[in-house]
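Taking it in order: structure first as structure tokens, then the write-up.
Computed from heavy atoms alone, side chains included, the values below leave out hydrogens, waters and symmetry copies.
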Amino acid sequence: MTDLAKATVFITGATAGFGAATARRFAKDGARLILTGRRTERLDAIKAELKHVPVLTIPLDVRDKDAVFDAVADLPKEFAEISVLVNNAGLAQGLDPAYKAAIDDWDTMIDTNIRGLVYCTRAILAGMVARKRGHIINLGSVAGTYPYPGGSVYGGSKAFVEQFSLNLRNDLGGTNVRVTNIEPGMCETEFSVVRFKGDAGKAASVYAGMKPLSADDIAEQIHWVASLPEHVNINRLEIMPVAQSWAGFAVHRE
């Protein structure tokens, strides 16, 4: 198995949800953590919580290309050799049909879910290739495979993550660098609160009457794929709660 006690793990969107849970899970191994996010006070809080391991926090908006590349270039020596990149930063905004959706919401999803993930990957990947070791773990979604009403751009962005991950595997042949796309289904985090722009009641209704996944459930799977022997690569991992499955065809009837 890969010794994660010696790993340096770079996590985007580490201030809540999957990112924070993943930081806590890797901290159990004693891994060195680089935690990024836009909310400085939350970064400070998780650093204080995980004070038993080396933690570097970087306030960062992954949509800012120059800030991403500068942050990676300026890492202190003891954090510079990144073993695992967890591209977690991402979001959904709105659930209106495409002809009613706010174009600003589309821009935000494309800039975060696609551009931000690509920037972080490119900034870190060359170092992994030079060292002939590393693991890129992308957070996709079942929305990248199964369409649903109102999910056109969010689902499209996650379909990009899936295809980007698969193509990276081809580009990285012979480098020993692994790539995994984690594809969660319904999971109760801040995701729906963000999608509905702070409407907690509407967010809660998404999970009414069923047991969704938790952030810890996903963090455990992220940790698992990273902990496998270095010659083992999990290409895609689709995870749903038992209560969720894919829907049938939509049929409009007069």
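Screening residues 65-80 for salt bridge (charged side-chain N to carboxylate O under 4.0 Å, His left out) gives no qualifying pairs among residues at least two apart or on separate chains. For residues 38-85, there are no ring pair (Phe, Tyr, Trp, His ring centres under 6.0 Å) pairs, not counting sequence neighbours. Residue pairs that meet the salt bridge (charged side-chain N to carboxylate O under 4.0 Å, His left out) test with at least one member in residues 130-152, sequence neighbours left out, are E81-R133. Pairs passing the salt bridge (charged side-chain N to carboxylate O under 4.0 Å, His left out) check and including a residue from residues 218-246, sequence neighbours excluded, read R25-E220, E162-R236, E183-R236. Residues in residues 82-136 take part in no ring pair (Phe, Tyr, Trp, His ring centres under 6.0 Å) pair, two or more places apart or across chains. For residues 172-199, the ring pair (Phe, Tyr, Trp, His ring centres under 6.0 Å) pairs, not counting sequence neighbours, are Y154-F191.
Grouped by direct or indirect side-chain proximity (heavy atoms under 4.5 Å, Ile/Leu/Val/Met/Phe/Trp/Tyr only), V242 sits alone. Through side-chain heavy atoms spaced under 4.5 Å, either directly or across other Ile, Leu, Val, Met, Phe, Trp or Tyr residues, V193 is tied to no other residue.
Legend: residues meeting ring-ring contact (aromatic ring centres under 6.0 Å, His included) with Y146, ordered by chain and number and at least two apart, are W246. Remark: T15 engages R39, R42, L43 in a side-chain contact (heavy atoms from CB on, under 4.5 Å) (not counting sequence neighbours). Residues passing the ring-ring contact (aromatic ring centres under 6.0 Å, His included) test with F26 are H223, sequence neighbours excluded.
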Check residues 3-10 and write down every donor-acceptor pair under 3.5 Å in which the side-chain atom is one partner and the other belongs to a residue at least two apart or another chain.
residue, atom, partner, partner atom, Å
D3, OD1, A5, N, 3.1
T8, OG1, R32, NH1, 3.2

